[in-house]
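Note sheet for the following structure.
Chain A is the first sequence line, chain B the second, and so forth, proteins listed ahead of strands; every chain is numbered from 1.
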There are 2 protein chains.
Amino acid sequence: MTTYAPAEASERTGLSLDTLRYYERLGLFGPVRRTSAGRRVYSDHDVAWVGLLVCLRNAGLGISDLQRLMGRLRDRSGGPTGVVELLEEHRSRLHGEIAKMNVALDVLDDKIAHYRGAADQSKK
Amino acid sequence: MTTYAPAEASERTGLSLDTLRYYERLGLFGPVRRTSAGRRVYSDHDVAWVGLLVCLRNAGLGISDLQRLMGRLRDRSGGPTGVVELLEEHRSRLHGEIAKMNVALDVLDDKIAHYRGAADQSKK
DNA sequence: CTGCGACCTGGAGTGCACTCCAGGTCAACT
DNA sequence: AGTTGACCTGGAGTGCACTCCAGGTCGCAG
């Protein structure tokens with residue numbers, strides 16, 4: 001199993017060292033292994049998981065959402081049922097967000113057409 | 001031309017009175033008319049414009065983006081060329097955001113399938 | 001053995017977008 | 001005339017998600 005020094009993990013995930021440590025403190029990903037001297041050693045599993053976190057954050061989920069998700073994953077009392085529900089909930093929320101964005105896009109298109117067309121007139 | 005008291009403008013735009021005043025202070029929309037006593041009187045033009053602002057904010061544009069847009073609209077030295085460009089730039093950025101979201105959606109779908117399928121096993 | 005650079009910690013600081021507050025004004029109702 | 005409620009102002013406070021910092025440790029190159 002490949003492992004990564006902090007700098008390399010940072011590079012691969014696109015997060016700063018600080019943010020990586022911050023996420024870890026918040027419990028967003030597993031206890032990272034350490035060398036005897038206390039330096040972090042990230043596994044590729046860690047890196048992959050952080051990749052997912054970044055993805056979800058890009059998708060607009062907040063830190064607390066991710067924490068809840070981790071909570072569900074950790075204490076899987078009664079199987080991972082809760083996890084699926086949580087993910088699906090976010091999935092539909094995401095669809096909502098995309099819909100909103102598309103509305104905004106349409107409005108933008110309208111405005112662009114308006115300004116391109118009626119270039120110099122004052123008001124209608 | 002219809003006009004609105006602050007409370008009504010708030011209701012119609014979905015923004016709080018505070019936020020409305022905040023946006024006005026930042027110059028995101030025109031100088032609002034006042035009564036002799038200093039109370040604001042919003043025109044329907046104001047309300048419509050704020051609607052657009054809300055839309056763009058929903059779409060992920062920051063306050064500074066909106067300020068730049070207003071700047072372009074106000075001093076139209078050389079026509080509204082800058083405005084169109086700015087809107088189109090944001091349009092393509094929006095497309096990018098939507099793409100990102102779709103990626104996140106796909107990843108989510110994968111995870112959902114994974115957790116629904118391999119419900120109880122430890123690791124692969 | 002001395003530097004150097006990468007890393008560690010806890011805690012303070014930052015930027016954004018609001019949101020709240022105290023203290024005051026005004027118009028209308030009773 | 002007094003009370004109420006919507007509104008005003010400038011400025012302070014909030015929550016989020018980082019980001020920076022001081023002061024310290026470790027391992028290796030020269």
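A heavy-atom distance below 4.0 Å to DNA chain D is reached by these residues of residues 3-13 of chain B, ordered by number: B:A5, B:P6, B:A7.
Separating the CZ atom of B:R34 from the P atom of D:dA6 is a distance of 19 Å, rounded to the nearest angstrom. In this entry the distance linking OH of A:Y42 with C1' of C:dC7 reads 10 Å, nearest Å.
For B:R33, the side-chain hydrogen bond (donor to acceptor under 3.5 Å, both in side chains) criterion is met by no residue, not counting sequence neighbours. For A:N102, the side-chain hydrogen bond (donor to acceptor under 3.5 Å, both in side chains) criterion is met by no residue, not counting sequence neighbours. A:T2 is linked by a side chain to side chain contact (heavy atoms under 4.5 Å, CB included) to A:Y4, A:D44, counting only residues two or more places apart in sequence or in another chain. The salt bridge (charged side-chain N to carboxylate O under 4.0 Å, His left out) test applied to A:R39 returns no partner, not counting sequence neighbours. B:T19 is linked by a side-chain hydrogen bond (donor to acceptor under 3.5 Å, both in side chains) to B:S16, counting only residues two or more places apart in sequence or in another chain. For B:D110, there are no side chain to side chain contact (heavy atoms under 4.5 Å, CB included) partners at least two apart in sequence or on another chain.
Residue pairs that meet the salt bridge (Lys or Arg N to Asp or Glu O under 4.0 Å) test with at least one member in residues 4-22 of chain A, sequence neighbours left out, are A:E8-A:R12, A:D18-A:R21. Counting only residues at least two apart or on different chains, the side chain to side chain donor-acceptor pair (under 3.5 Å) pairs with a member in residues 46-57 of chain A are A:S43-A:D46.
Inter-axis angle, ends of the helix from C:dC1-D:dG30 to C:dT30-D:dA1, five pairs per end, rounded to 10 degrees: 20°.
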- Query: Which parts of nucleotides 15-28 of chain C does protein reach within less than 4.0 Å, heavy atoms only, written one letter per nucleotide 5' to 3' as B for base, S for sugar-phosphate only and - for none?
  - Reply: --BBSB----BBS-
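Remark: B:Y23 OH to B:T13 OG1 distance equals 9.5 Å, nearest 0.5 Å.
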Could you pull out all donor-acceptor pairs under 3.5 Å where a side-chain atom in residues 61-70 of chain A meets a protein atom, sequence neighbours excluded?
residue	atom	partner	partner atom	Å
A:D65	OD1	A:R68	NH2	3.4
A:D65	OD2	A:G62	N	2.9
A:Q67	NE2	A:L26	O	3.2

